[in-house]
Amino acid sequence: MELISEAYLGKLIEFLNLFVSHHIPRLLTDPSFPIDKFFLLFFKFTFMQPTTEGLMSCLQVWSIFLQFIVSKAEEDPTSLPFEEGIIAVLSELLKKIQFTTNTEMLLELDDEREVDGKDTELGLFMKRGLEVISKIAELYPQEVSRMSNERFSACADSFGRIFMAYKQDSNSLSGNMKEEGISVLQDMKTYVKVFGILGNYFVTNFGKCFTEGHKMLLQIEEILQYVQESALSSHSWPLAEISSQFHLELFSTMRTYMFWLSRFEGELRAMKSGDQNGKASDELVKQIDSHVMTTLLLCRECILSTNTNIDVRLAATQTLTSLVYTVRPRRLLVAAEMEEFLSVIGSVWKDKEKHPSELIVSVCDCACQMYLLPLPGIALENQQWEERKSRLAAFLRPFLATLFEFAALPSFGEDPLVHNDPIVIQCIATIYTMLSRIMKTISVEGTNAKYVFFEVAIKGIYSMTLRSFFGVLHVVIRPPEFH
C-alpha cells in the first residue's frame with residue numbers, strides 16, 4: 001500500500017466514507033451484498049494505512065458504521081452483528097494509539113502546535129481513536145474494560161521496573177530507558193482516558209454494570225495513591241512533566257466516577273426509603289463512605305503538596321469540588337479529616353508562593369458549597385443550618401480576620417502606600433473572589449444558605465466604617481494588572 005499515492009488513497013477513503021454513510025442501512029439488509037467480506041477488507045485496509053492521516057480518515061468511516069450499530073442496539077439489544085470483527089477493530093486500534101506498539105508513527109506527530117485551534121496533531125489522532133473506542137464501549141463494555149486493563153497492567157509493570165531502577169540509581173534514567181519511561185507513561189495516560197470513557201457507560205447503565213463500575217473506581221483510587229506516594233508529579237523527578245499529565249488525567253477520570261458515586265448514593269437512598277434490607281444498606285453505606293473518605297484524603301494530600309505541579313493541585317481541588325457538589329455526601333460535613341484540612345488551608349492561605357491564590361479560592365469554593373448546599377433526600381428544615389453556620393464561620397474566620405485587620409489600620413482608605421502593598425492587594429483580592437464565588441453558588445438555591453452566609457460573612461463586612469469599606473473597594477476595583 002505504501003506504493004500507492006496518498007492522493008489516490010485519500011480519494012478512495014472519501015468514497016468509502018460516503019458509501020458507508022449513505023448505504024449501510026440498506027446493505028445490512030441486502031442478502032446479495034457480502035457485508036462481512038466488505039468490512040473484513042476494510043479492516044485490513046484501515047490498519048495497513050501508511051500514514052496517520054489515512055488511518056484517521058478510516059477511523060471516521062468506522063465511527064459512522066459503529067454509530068449505526070449502536071442505534072440498532074438501542075432498538076434491539078439482543079441482536080449485535082459483527083461482534084468478532086468489532087472486537088478485532090478494538091484490539092488493533094488499541095495497538096495504534098499505544099506508544100510502545102506504534103512508536104514510529106506516533107512520534108512523527110507534533111504534540112506542541114495546535115492544528116485546529118484546540119488539539120495538536122497527536123491530540124487529534126488520539127481523540128479520533130478514542131471516539132471509536134467510545135462507541136465500541138457502548139456495545140461491548142466488558143471487552144473494552146478487559147483489554148484496556150490488560151494493557152494498562154503491562155504498562156504499569158514496565159513503569160515499575162523503570163522507576164525502581166531510577167530509585168536505585170538516579171543516573172540510570174537516561175537514553176533509551178528515559179524514552180521508554182515517557183512512552184509507558186503516555187500509554188498509561190491513554191488507558192486512563194479509556195477508563196473515563198467506560199465510566200460514562202457505567203453511569204448510564206448503573207444497575208447492569210455496578211460491579212464493573214465499582215471495581216474500576218477502586219482501581220483508579222489505587223493508582224492515584226501509588227502516584228502520590230511515589231511523588232511522581234514532584235519537580236525533582238526527571239519525568240515530572242509527563243507524570244503530571246498522567247496525574248491530571250487520573251483526577252479527570254476520577255471526576256467522571258463522582259457521577260457514578262452520585263448514582264450509588266441515589267440508589268442507596270431509594271433502597272433505604274423502601275427499607276428492603278437493612279443489613280445490605282449498612283454495607284453499602286460503608287462502601288460509599290469509604291470512597292468519599294479515600295477521595296478526600298487523596299485530594300487533600302495533593303492540594304497541600306507544595307512540590308507537586310500546580311495544575312495537578314488545581315485538578316485535585318476540582319475533583320474534591322465534584323465530590324462535594326455532585327455526590328453531596330453527608331459524611332463530609334462531620335468528617336474530622338475535612339475540618340483539619342480546612343483548618344490547615346486557613347493557616348497557610350497567605351503564603352502565595354507555596355499556595356497560589358487560585359488554589360486557595362478553589363478550596364474555599366469547595367468548602368462553602370459543602371456547608372451551604374442542601375443535602376439530597378433531606379427536608380430543608382432538617383438540614384442542620386445552625387451547625388453548618390458554626391462550621392462555616394470557623395472556616396472563614398482567618399480570612400475575614402485578615403480583612404478586618406487591614407480595615408482597622410489608621411491609614412487604610414487614605415494612604416495610597418497601603419493600597420499598593422502587594423500583600424494587601426493579594427489578600428483582599430483573594431477574599432473578594434472567594435466571597436463572589438460563594439454568592440454565585442447560593443444564588444440559585446432558594447434555601448437557608450443565604451441566611452447562613454449573611455450571618456457569617458456579610459454582617460461583619462457591613463460593620464466596617466465607611467472609610468474602611470471604601471478602602472477595600474479601592475483595592476478590589478483596581479485594573480487587572482495591579483492584582
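Residues G213 and F202 approach most closely at CA-CD1, 3.5 Å, considering heavy atoms. D311 and L248 make their closest contact through O-CD2, 3.3 Å (heavy atoms, listed as atom of the first residue, atom of the second, distance). Pairing each heavy atom of R388 with each of L373, the nearest pair is NH1-O, 3.1 Å. The two atoms that bring S322 and M258 nearest to each other are OG-CB, 3.4 Å, heavy atoms only.
Under the 6.0 Å distance and 45° angle rule, R328 counts as a cation-pi partner of Y325.
Atom NZ of K96 sits in a crowded spot, with more than 12 heavy atoms from other residues, nucleotides or ligands closer than 6.0 Å. In the displayed structure, E358 atom CD is contacted under 6.0 Å by at most 12 heavy atoms of other residues, nucleotides or ligands. Dense packing is recorded around CG of N382, with more than 12 heavy atoms of other residues, nucleotides or ligands lying under 6.0 Å away.
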Pair F39-W62, ring-ring contact (aromatic ring centres under 6.0 Å, His included): steps then yes or no: CA-CA 10 Å; F39 277 110; W62 282 110; 5.6 Å; yes

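Judged as a salt bridge (charged side-chain N to carboxylate O under 4.0 Å, His left out), not a single pair has a partner in residues 210-223 (not counting sequence neighbours). Listed by first and then second residue, the salt bridge (charged side-chain N to carboxylate O under 4.0 Å, His left out) pairs involving residues 242-259 amount to none (not counting sequence neighbours). Residue pairs meeting the salt bridge (charged side-chain N to carboxylate O under 4.0 Å, His left out) criterion with at least one member in residues 144-153, sequence neighbours excluded, are E143-R146, R146-E150. Legend: side chain to side chain donor-acceptor pair (under 3.5 Å) pairs involving residues 102-112, not counting sequence neighbours, sorted by first then second residue: D111-T120.
Side-chain atoms of S21 and N17 form a donor-acceptor pair, as typed in the model, at a separation below 3.5 Å. S305 and N307 form no side-chain donor-acceptor contact under 3.5 Å, judged by distance and modelled atom types alone.
Under the 30°/60° scheme for interplanar angles, the aromatic rings of Y371 and F395 are found to be tilted.
Here the straight-line distance linking atom CD of E283 with atom CG of L268 works out to 11.0 Å at 0.5 Å rounding. Of the inter-residue distances, the one linking C368 atom SG with L392 atom CG reads 5.0 Å to the nearest 0.5 angstrom.
With sequence neighbours excluded, the residues that form a ring pair (Phe, Tyr, Trp, His ring centres under 6.0 Å) with H23 are F19. Evaluation of the salt bridge (charged side-chain N to carboxylate O under 4.0 Å, His left out) rule for E92 yields K95 as partners, not counting sequence neighbours. Qualifying salt bridge (charged side-chain N to carboxylate O under 4.0 Å, His left out) partners for E180, counting only residues two or more places apart in sequence or in other chains: R161. In terms of the ring pair (Phe, Tyr, Trp, His ring centres under 6.0 Å) criterion, F259 has no residue partners (sequence neighbours excluded). Among residues two or more places apart in sequence or in another chain, the ring pair (Phe, Tyr, Trp, His ring centres under 6.0 Å) test is passed with Y226 by none. Applying the ring pair (Phe, Tyr, Trp, His ring centres under 6.0 Å) criterion to Y257, with sequence neighbours excluded, gives no partner residue.
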Donor-acceptor pairs are to be reported for all side-chain atoms of residues 181-200 against protein atoms at under 3.5 Å, with residues two or more places apart or in another chain.
from	atom 1	to	atom 2	distance (Å)
S183	OG	E179	O	3.2
D187	OD1	F99	N	2.5
D187	OD2	F99	N	3.3
D187	OD2	T100	N	3.0
D187	OD2	T100	OG1	2.8
K189	NZ	Q245	OE1	3.1
T190	OG1	Q186	O	3.1
Y191	OH	Q98	OE1	2.4

Show me the side-chain donor-acceptor pairs of residues 125-137 shorter than 3.5 Å, one per line, residues at least two apart or across chains.
from	atom 1	to	atom 2	distance (Å)
K127	NZ	D119	OD2	2.7
K135	NZ	S63	OG	3.3

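Looking at F38, F82, F43 one by one, the single match for ring-ring contact (aromatic ring centres under 6.0 Å, His included) with F65 turns out to be F82.
Aromatic pair F210/W260: ring centres closer than 6.0 Å.
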